[in-house]
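Have a look at the structure below before the remarks.
Whatever order the structure lists ligands and atoms in, that order sets their numbers, starting from 1.
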Amino acid sequence: MDIEIIEMAERKAKFILRNSSPAMANALRRTLLSDLPKMAIHKVDFYLGPLTDDNGRECESSTPLFDEIIAHRLGMIPVPTDLDLFVPQEECTCGGAGCPNCTIEYFLNKSGPCTVYSGDLLPMVSPELREKFKVKDEFIPIVELINDQGVNISATAVMGTAKRHVKWQVCNGVGYKYMPVVRVDPAAASRDDVLECRDVCPKKVFDVKDGRLVVVDEMGCSLCRACTEHVKDGGVTVTGDDTTFLFKFETDGSYTAQQALDEALKVLREEAKEFAEQIENIGPESELEPKPPVIEEPEPEPEPEDI
Ligand SMILES: [Zn+2]
């Protein structure tokens, strides 16, 4: 399996997967979607009572939304994730109680009139890490407050995967297609119906040069086959190469696209290794055959002792 990067932006990747198979391409897609661990807010504490904001104004801790809605919105905010610093809570040495190795604490204190945004969440970490764990998308609206309304929240982010909840999903728009192979028969390239393919193709794969149809953007082909339906005698052929795939995905900002791809390949490699070990441990085929159930004779009741 080889990977050739076409585009690698901060949150967006496009690459070619070569010498692979549909099963492997799908395994990579599913890993990107649901097996990457990331941090997301899982527990929210609301302070109830009078509040004082940063300017010393007093207000009540009340909002126009139910606390559950605010908590849900906070859960869906992408939280930056560093896999070198954090471990899943259930694997942590704290035994799941919560500690700086498995949780990030966020704090939010705002009073109206204002709109509370994701950027108002402040990470409670050491000053040198503060910028790193600040939410990357700062303008996701959470709630709008009017005069005398305020909100004071502490929220805890923990690690998880999208198998459990979509708030732990790192990648979106994960998709691939078979690499298109578009061929124009040289003997038919200047025929009228073949030349019309330039306008028939919705993806502008063809152009006409020197009175002949040529392929100018093979990768842009969506395999819709509008051209092969237009030219019925095989003057133009379109096939999908099932060993090469054009892959693309985006991330929500908790990982960079490069980190997501690296981590997905790592997870896939570890799962394959684990699977191979399990197969090896099964042993010879004869041991797989079900054994007849052993029926144990009930032990005879002990004779009552004379007292
Ligand atoms: Zn811990």
Side-chain angles (χ1 to χ4, degrees), residues 10-11 30-48 61 67-110 116-138 140 142 151-172 251-275 277-278:
E10 168 87 12
R11 296 192 188 185
R30 294 182 68 104
T31 307
L32 282 165
L33 272 177
S34 57
D35 281 343
L36 300 186
K38 79 164 228 187
M39 303 296 280
I41 289 174
H42 191 51
K43 185 173 165 250
V44 182
D45 285 323
F46 291 84
Y47 172 77
L48 300 176
S61 63
D67 291 353
E68 291 89 334
I69 298 175
I70 295 176
H72 182 258
R73 289 182 178 186
L74 292 175
M76 300 303 284
I77 291 170
V79 172
T81 298
D82 187 332
L83 296 176
D84 295 330
L85 291 181
F86 296 101
V87 292
Q89 216 169 7
E90 55 276 11
E91 292 171 21
C92 187
T93 49
C94 72
C99 72
N101 291 330
C102 61
T103 58
I104 312 175
E105 295 288 335
Y106 285 91
F107 181 66
L108 196 162
N109 184 28
K110 291 288 277 186
V116 181
Y117 289 102
S118 50
D120 296 321
L121 277 170
L122 301 175
M124 297 283 105
V125 290
S126 52
E128 66 272 17
L129 291 175
R130 212 159 279 166
E131 202 49 43
K132 183 174 182 169
F133 290 112
K134 216 168 171 329
V135 173
K136 295 281 186 286
D137 285 317
E138 293 191 341
I140 303 171
I142 298 169
V151 67
N152 184 304
I153 286 170
S154 57
T156 310
V158 301
M159 196 178 275
T161 66
K163 275 182 185 164
R164 199 166 147 209
H165 193 286
V166 73
K167 68 183 175 182
W168 283 296
Q169 183 173 320
V170 176
C171 297
N172 49 63
T251 80
D252 67 353
S254 50
Y255 281 44
T256 63
Q258 182 71 57
Q259 283 170 335
L261 182 58
D262 290 348
E263 184 62 23
L265 292 171
K266 198 173 125 198
V267 170
L268 209 52
R269 201 177 300 127
E270 278 166 12
E271 279 179 358
K273 203 172 132 200
E274 200 180 306
F275 184 56
E277 280 170 8
Q278 282 180 7

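- Between F107 and Y47, the distance separating the two ring centers is not shorter than 6.0 angstrom.
- Under the rule for a side chain to side chain contact (heavy atoms under 4.5 Å, CB included), the partners of I70 that lie at least two apart in sequence or sit in another chain are F46, T63, L65, L74, I142, V143, I153.
- Under the salt bridge (Lys or Arg N to Asp or Glu O under 4.0 Å) criterion, R73 pairs with no residue at all, not counting sequence neighbours.
- Among residues two or more places apart in sequence or in another chain, the salt bridge (Lys or Arg N to Asp or Glu O under 4.0 Å) test is passed with E90 by none.
- Closer than 2.8 Å to the Zn ion (ligand 1) sit the protein N, O or S atoms C92 SG, C94 SG, C99 SG, C102 SG.
- Defined by atom type and a distance below 3.5 Å, a donor-acceptor pair is present between the side-chain atoms of H42 and K167.
- With values rounded to the nearest 0.5 angstrom, T156 atom OG1 is found 9.5 Å from M39 atom CE.
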